[in-house]
Amino acid sequence: MSYPAQIQRLIDSLPTGLWIDGKQTDAIDGNRFDVIDPATGAAFTTVADANGKDAARALDSACGMQREWAATAPRRRSDILRAAFDAVIERADDFALLMTLEMGKALPESRSEVTYGAEFLRWFSEEAVRIQGRYTQSPSGTGRILVTKGPVGPCLAITPWNFPLAMGTRKIGPALAAGCTMIVKPAEDTPLTMLLLAKVFADAGLPPGVLSVLPAASAPPVTEPLLADPRLRKVTFTGSTRVGKILIEQSAHNLLRTSMELGGNAPFVVFDDADLDAAVDGAMAAKMRNGGQACTAANRLIVANAVREEFTAKLTDRIAAMSVGPGYQEGIAVGPLINQKQRNNVARLVDDAVTGGAKIRIGGAAIDGPGFYYQPTVLDEVVPGSSIVTEEIFGPVSAITGFDTEAEAIAAANDTEFGLAAYIYTQGLDRALRVADAIESGMVGINRGVVSDVAAPFGGVKQSGLGSEGGVEGIEEYLDTKYIGLTK
Ligand code: NAD
């Protein structure tokens, strides 16, 4: 298919090699793979396909720079991150269009992600110069305790496709601020955004070797040799719980530091004293952001029976008004899903729920034609235990169940092995804090449908992960603690 001139110009200007030693390079074996536009289902370009030999090159480069980057003045590291922030904002239109092209989300959503993703570079440029240690006296009075923080060393970041920029910057920002070098293995569906970011960093003055990007059609040939190499010191991963567990096992051999941002199954609890219009606004954000393809997406709408019908009717009206189509077209609210596999999975979950007794209020089917579209859908009376409430939907489907008492709502919210985000709508402060305390999750939004904030620690409990990204906590993931003992 042919694209409008602006899109084609962007495609023609993109880096599509591997990014090693501060520049583009072909894969050693010369392999490439297709990058698909999910709005059409067709390839719009190809990208170099890394393997283990390329991984070794990137790790040589990262290790060669590690000592020098760690010794680079924090102010200099900060200035480079800040310059990269400015450059991403300057090229916001390109980044947004590119993400829409390779991932499918509607352009306004991509623009929001550029702002959110860039913000991690600015935040960690500010944190780079605030790495703290301490100096104290031992309780016996006979010794002094000096505690210093230093970079962990070369890191591997493995990122998902749903937020192609932000899931990278949330790792690259703190790693570089702390003085670590980093190799990024972006998702195979969305390799180009990270390559463009690497170019922007190089233009902003980042020394070669500090940041490498290795797109690959298949992850293990790249990641396994890196994890097996004792020079690598850390792996930071955002993606599914299934793959996170594999990576933790593989990290055991060299006892790597690990950060794991894994799957979610967020409850969105609406109490009978909630402001229902605000709750519907919140549900639209928590459910429909990114077409539902977010780890923080409201997977289960748990609504007080006293207000369930009113809430469901209002939500259904709002969802009915959403236009579906290619994300780069004006006025589109919901783009395609990322690929055919994901669309099949959403269809399976909806079909299972309906077979189990759920009622379709709107939608409920894939959209025929090119591209991977699924109708925005509302299901009511979903039966507890259905696969749609135990698995991540990752699509534009709202699954509603009812409850009568606060205790029932809490039990339903916690009835999952995941614990990433949760949302509560109530006008009672006591209830809000009581329920927030009782819900087993790393993040709770009270009367708000989006919790992500660069200044807050993002992370999960239970099978949603280990560690935090963002906030003052984020840089700690890339720092080792050293104790130096002195006599008095
Ligand atoms: P995924 O786990 O399939 O893939 C994520 C990344 O891991 C990709 O780069 C992929 O190539 C790589 N990968 C796949 N198999 C691998 C292996 N065996 N060894 C090494 N790397 C491997 O996940 P996805 O479908 O890309 O992303 C969706 C998932 O990510 C969802 O579960 C979502 O909840 C989760 N997610 C979590 C967060 C968070 O912050 N907690 C944020 C976004 C997405």
Side-chain angles (χ1 to χ4, degrees), residues 33 38 47 49-50 52 55 102-105 113 116-117 120 156-171 183-191 193-194 213-228 232 235-251 256 258-266 289-299 337-339 341-343 345-346 391-395 416-422 441-443 451-453 456-470 474 477:
F33 64 100
V47 68
D49 184 5
E102 62 176 352
M103 186 273 168
K105 69 179 82 184
E113 184 180 343
Y116 176 60
F120 287 102
L156 169 63
I158 305 173
T159 56
W161 48 263
N162 60 345
F163 293 95
L165 180 67
M167 297 303 97
T169 55
R170 228 161 62 165
K171 301 177 186 308
I183 300 169
V184 183
K185 205 301 287 171
E188 52 276 26
D189 288 306
T190 57
T193 302
M194 274 301 106
V213 179
L214 297 177
S218 171
V222 173
T223 57
E224 285 177 6
L226 288 173
L227 295 170
L232 190 83
V235 59
T236 169
F237 173 69
T238 298
S240 61
T241 297
R242 182 186 70 80
V243 173
K245 288 178 182 177
I246 295 173
L247 293 172
I248 289 173
E249 276 186 40
Q250 292 174 349
S251 301
L256 297 183
T258 57
S259 299
M260 294 283 147
E261 297 289 348
L262 308 179
N265 182 353
R289 193 162 76 105
N290 231 27
Q293 301 172 110
C295 54
T296 50
N299 214 56
L337 297 177
I338 186 69
N339 53 35
K341 188 169 156 229
Q342 190 56 35
R343 182 165 68 167
N345 196 46
V346 172
E391 297 176 29
E392 266 188 305
I393 304 171
F394 251 57
T416 169
E417 73 262 28
F418 296 105
L420 190 60
S441 70
M443 299 173 282
V451 287
S452 306
D453 189 317
F458 187 108
V461 299
K462 293 162 82 177
Q463 296 204 23
S464 287
L466 303 168
S468 303
E469 293 189 326
E477 302 276 324

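Given the structure is predicted, the values throughout are model-derived calculations rather than measurements. Each ligand, and each atom within it, is numbered from 1 in the order the structure gives. Numbering of residues begins at 1 and proceeds along the displayed sequence. Atom set for the values below is all heavy atoms of this structure, side chains included, hydrogens, waters and symmetry mates excluded.
- Checked by distance only, ligand 1 and S240 come closer than 3.5 Å through their nitrogen or oxygen atoms.
- In this structure, G460 does not count as a contact residue of ligand 1, since none of its heavy atoms falls inside 4.0 Å of the ligand.
- Close approach of ligand 1 to M167 (heavy-atom distance below 4.0 Å) involves ligand atoms 42 (C), 43 (C).
- Side-chain atoms of S464 do not come within 3.5 Å of backbone N or O of L262 as any donor-acceptor pair.
- Residue contacts with ligand 1: R170 is included, with a non-hydrogen atom under 4.0 Å away.
- At a distance under 4.0 Å, no protein heavy atom can be found next to atom 4 (O) of ligand 1.
- Between L226 and I183, the shortest heavy-atom distance links the atoms CD2-CD1, 4.1 Å.
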- prompt: Could you go step by step and tell me if M103 and N290 meet the side chain to side chain contact (heavy atoms under 4.5 Å, CB included) rule?
  reply: CA-CA 10 Å; M103 186 273 168; N290 231 27; 3.8 Å; yes

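- Between the OG1 atom in T296 and the CD atom in E261 there is a gap of 11.0 Å [rounded to 0.5 Å].
- Closest to atom 12 (C) of ligand 1, if we only count protein heavy atoms, is I158 CG2, 3.7 Å.
- The heavy atom nearest to atom 16 (C) of ligand 1, out of those in I338, V243, T238, L262, is found in V243.
- For the residue pair P215 and V47, the shortest heavy atom distance occurs at CG-CG2, 3.9 Å.
- Contact analysis puts G264 in contact with ligand 1, with a non-hydrogen atom separation below 4.0 angstrom.
- Nearest-residue assignment for atom 22 (C) of ligand 1 (options G239, A217, A219; heavy-atom criterion): A219.
- Of the polar atoms of K185, at least one N or O is found under 3.5 Å from an N or O of ligand 1, judged by distance alone.
- In this structure, W161 is part of the shell of residues with a heavy atom less than 4.0 angstrom from ligand 1.
- For atom 27 (O) of ligand 1, the closest heavy atom belonging to the protein is P160 CB, 3.5 Å.
- The shortest N/O to N/O separation between N162 and ligand 1 does not fall below 3.5 Å.
- For the pair S464 and ligand 1, the shortest N or O to N or O distance does not fall below 3.5 Å.
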task: Report the C-alpha distance between Q293 and K105 in whole Å, list the side-chain angles of each, state the deciding distance to 0.1 Å, and finish with yes or no for side-chain hydrogen bond (donor to acceptor under 3.5 Å, both in side chains).
output: CA-CA 9 Å; Q293 301 172 110; K105 69 179 82 184; over 6 Å; no

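- Using modelled atom types, one side-chain atom of T241 and one backbone atom of Q463 make a donor-acceptor pair closer than 3.5 Å.
- Looking from atom 36 (N) of ligand 1 to the surrounding protein, the closest heavy atom is C295 CB, 3.5 Å.
- When all heavy atoms of S441 and A422 are compared, the pair lying nearest together is OG-CB, 3.7 Å.
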